[in-house]
Asker: 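Have a look at this one before I ask anything.
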Amino acid sequence: MFKFKTPKKETRQIMSDVALGKLNDANFENQCEEKIKILTNAEDVKLTSSGNNSIFVALSFIKGDIIIPDQGGWHGFKQIAKFLGKEIVTLKTDLGLINPKNIDELDISDNSALIFTSFAGYAADQDIKSISRYCKNNGITTIEDASAGIGDEKELLGNCKNSDIVIASTGQPKIINVGSGGFIATNDENIFKESSPPLKLSKTNEIIASGIYEEINSVKENLQRTLNATDYLKKHIDNTIHAKKRGVNLIIKDDDAKQKTWELKKQLPIDKSGFINKCPNYNRVKTKAISIEIKNLDYSCLEKEYLDEIIRAVNNLQQA
C-alpha cells in the first residue's frame with residue numbers, strides 16, 4: 001500500500017504548539033519570510049493564505065495581457081485572470097514546455113506577463129534562463145508558479161534571479177507541505193506597494209507560518225528525493241513524455257489511457273487520495289496519457305522497492 005504525502009512530524013508538532021499557545025513569543029511570519037528570501041533570492045516576500053491567492057496578487061499587479069501556456073500549467077491561471085478582467089493570450093507549447101520564440105507570434109499589449117509552472121505538467125523543468133532572458137529583453141514580466149520547484153539545488157527554479165515573481169502554494173501535497181498557505185516573492189518593490197488591497201485580504205496566520213518555517217528546513221532534500229525517484233522511473237519505463245527532463249511526476253503516452261489508468265489504480269493502491277490520473281488534462285498534457293504523481297507520495301514510498309513496484313505494474317500493462 002502506497003502512502004499519500006502528509007506534513008512531517010516536526011511540522012505537525014510546531015503547528016500544534018502554536019495552536020495551543022505554547023510559542024506565543026515567536027514571530028513565525030517574519031522568520032518564515034526571511035527564510036523564503038534566502039531560498040528564492042528575493043528582497044521582498046509575503047505569506048498568503050493559498051497558492052491561488054498568491055496568483056491573484058501577482059496578476060492584479062499586471063497592467064497588460066496575461067500569457068498562459070496552452071497546456072502543462074494550472075487551470076487557476078485562466079480562472080483568476082478572467083476574474084480580474086485581464087486579456088488572456090494562449091501560448092503554444094511542446095506538451096507544456098515553453099519556447100519563448102513562440103511569443104513572437106503573439107499579439108500582446110505593453111506591460112504583459114507570462115505565467116507558468118516550474119515544471120511543465122509537473123513532468124519537465126522549463127528552460128527558465130531562456131524564458132527569463134527573452135521576457136526581460138521584451139518587457140514581459142515572468143511569474144513562475146514554483147509550488148513544485150521550490151528548493152531547486154541548481155538554483156534555476158523558484159529563483160527571483162531568473163523569474164520576476166515567484167509564487168507557491170504550501171498546501172498538501174506540495175514540496176513545502178503544510179496543508180494550507182502560500183507565498184509570493186520578488187525583487188520588485190512596486191509589486192507589494194501596488195497590490196496592497198489583495199495582500200491584506202490574503203493574509204495567513206501564525207500556525208501556517210510556523211509550519212512553512214519548519215518545512216523549509218528539508219525542502220531542498222525533499223525536492224531532490226522526488227526528482228531522483230522520478231528520474232529512476234523514467235529510465236525504466238518506455239513512452240514517457242520529456243523523458244530526459246527533470247520532473248516530479250511521469251506522464252506516459254498511451255492510446256488506451258482510460259482503461260490502463262483504472263488498472264494501475266487497482267494494482268497500486270494508496271491510503272488516501274490517488275496518485276494516478278489520466279490525460280488529456282490541461283494541468284498535465286492535452287493528449288491521451290497516464291500521469292503518475294510521484295510528488296504526491298510520502299517520502300517513505302520513494303524507496304527502490306516501491307519504485308520497482310510501479311515499474312513492474314506499468315511495464316506489465318504496456319506488454320499486455
Side-chain angles (χ1 to χ4, degrees), residues 3-20 22-23 26-42 44-55 74 117-119 122 144-160 166-186 202-230 246-249 271-273 275 293-303:
K3 294 180 181 179
F4 193 75
K5 184 164 64 180
T6 58
K8 65 182 183 178
K9 180 181 177 181
E10 294 84 353
T11 301
R12 298 195 301 270
Q13 184 62 58
I14 198 170
M15 293 174 74
S16 174
D17 288 345
V18 172
L20 294 172
K22 295 181 180 180
L23 298 171
N27 186 333
F28 282 108
E29 183 174 351
N30 286 348
Q31 292 184 70
C32 186
E33 288 175 354
E34 290 303 313
K35 274 191 171 184
I36 295 171
K37 286 179 184 180
I38 295 170
L39 189 64
T40 60
N41 281 299
D44 293 292
V45 168
K46 295 292 183 184
L47 297 185
T48 65
S49 55
S50 71
N52 278 337
N53 275 330
S54 299
I55 296 169
W74 168 242
T117 51
S118 302
F119 297 99
Y122 289 111
E144 179 188 350
D145 182 344
S147 300
I150 200 71
D152 180 18
E153 290 186 345
K154 293 187 176 182
E155 296 191 350
L156 294 172
L157 310 176
N159 192 327
C160 288
V166 169
I167 58 177
S169 165
T170 57
Q172 192 166 316
K174 300 299 189 293
I175 297 297
I176 299 177
N177 185 24
V178 177
S180 182
F183 67 79
I184 176 168
T186 184
S202 66
K203 281 184 68 65
T204 189
N205 57 58
E206 277 287 283
I207 299 172
I208 299 301
S210 70
I212 297 172
Y213 174 87
E214 177 59 40
E215 283 280 306
I216 288 174
N217 292 332
S218 55
V219 65
K220 290 187 177 183
E221 176 189 352
N222 289 343
L223 176 58
Q224 194 56 50
R225 288 180 68 185
T226 309
L227 292 170
N228 290 344
T230 306
R246 294 190 301 162
V248 293
N249 74 0
D271 62 345
K272 294 181 183 177
S273 299
F275 73 107
E293 312 287 319
I294 304 307
K295 65 180 179 59
N296 290 6
L297 293 177
D298 186 85
Y299 295 109
S300 65
C301 295
L302 301 185
E303 300 298 329

Asker: Does the Ser147 side chain pair with the main chain of Ser169, one donor and one acceptor, at a distance under 3.5 Å?
Answerer: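 Looks like yes, one N/O pair under 3.5 Å.
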Asker: Checking Ser300 against Lys3: is there a side-chain donor and acceptor pair closer than 3.5 Å?
Answerer: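 Lys3 vs Ser300: no donor-acceptor pair found between side chains.
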Asker: Any sub-3.5 Å donor-acceptor pair from Thr170's side-chain atoms to Ser180's backbone N or O?
Answerer: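 Yes, Thr170 side chain to Ser180 backbone: donor-acceptor pair under 3.5 Å.
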Asker: I'd like to know whether Asp17 forms a side chain to side chain donor-acceptor pair (under 3.5 Å) with Gln13, so could you lay out the CA-CA distance, the side-chain angles of the two residues, the decisive distance to 0.1 Å, and finally the verdict.
Answerer: CA-CA 6 Å; Asp17 288 345; Gln13 184 62 58; 3.0 Å; yes
Asker: Could you tell me which residues satisfy side-chain contact (heavy atoms from CB on, under 4.5 Å) with Ser273, sequence neighbours excluded, listed by chain and number?
Answerer: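 With neighbours one apart ignored, the set is Phe4.
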Asker: Among residues at least two apart in sequence or on other chains, which ones pass side-chain contact (heavy atoms from CB on, under 4.5 Å) with Asn52?
Answerer: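 Listed in chain order: Ser50, Ile55, Trp74, Ile80.
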Asker: For the residue pair Val248 and Ile294, establish whether any side-chain heavy-atom pair is separated by less than 4.5 Å.
Answerer: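 They are not in contact (no side-chain heavy atoms under 4.5 Å apart), so the answer is no.
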Asker: Is a side-chain donor-acceptor pair under 3.5 Å present for Gln224 with Asn228?
Answerer: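 On atom types as modelled, these side chains qualify, holding a pair under 3.5 Å.
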Asker: Is there side-chain contact between Asn296 and Lys5, with at least one heavy-atom pair below 4.5 Å?
Answerer: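 Sidechains of Lys5 and Asn296: no contact.
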Asker: Between the side chains of Gln31 and Asn27, does any donor sit under 3.5 Å from an acceptor?
Answerer: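 There is no such pair (donor and acceptor under 3.5 Å, judged by atom type) between the side chains of Gln31 and Asn27.
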Asker: Should Lys46 and Glu29 be marked as a salt bridge (Lys or Arg N to Asp or Glu O under 4.0 Å) after you check the CA-CA gap, both sets of side-chain angles, and the distance that decides it?
Answerer: CA-CA 9 Å; Lys46 295 292 183 184; Glu29 183 174 351; over 6 Å; no
Asker: Counting C-beta onward and ignoring hydrogens, is there a side-chain heavy-atom pair between Arg246 and Leu157 closer than 4.5 Å?
Answerer: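 Yes, at least one pair of side-chain atoms sits under 4.5 Å.
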Asker: For Leu47 and Cys32, run side-chain contact (heavy atoms from CB on, under 4.5 Å): C-alpha distance rounded to whole Å, both residues' side-chain angles, the deciding distance at 0.1 Å, then the answer.
Answerer: CA-CA 8 Å; Leu47 297 185; Cys32 186; 3.9 Å; yes
Asker: To check you understand the geometry: which heavy-atom pair defines the closest contact between Lys37 and Asp44, and what is its length?
Answerer: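 Minimum heavy-atom contact is CE-CA, 4.3 Å.
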Asker: Side-chain contact test, heavy atoms from C-beta onward, threshold under 4.5 Å: evaluate it for Glu144 versus Ile150 and give yes or no.
Answerer: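 Result no, sub-4.5 Å side-chain heavy-atom pair not found.
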Asker: Measure the CG-NZ distance between Asn177 and Lys295 for me, rounded to the nearest 0.5 Å.
Answerer: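 Answer for the CG-NZ pair, Asn177 versus Lys295, is 10.5 Å.
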Asker: According to side-chain hydrogen bond (donor to acceptor under 3.5 Å, both in side chains), who are the partners of Thr48, at least two apart in sequence or on a separate chain?
Answerer: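 Thr48 satisfies side-chain hydrogen bond (donor to acceptor under 3.5 Å, both in side chains) with Ser54 once adjacent residues are dropped.
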Asker: Using distance alone, with no hydrogens and no angle criterion, decide if Lys35 and Asn217 have a side-chain donor and acceptor under 3.5 Å apart.
Answerer: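 Distance-only check passes for Lys35 and Asn217.
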Asker: With no hydrogens and no angle check, just 3.5 Å: does a side-chain donor-acceptor pair link Thr6 and Gln172?
Answerer: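 The answer is no; no qualifying pair exists.
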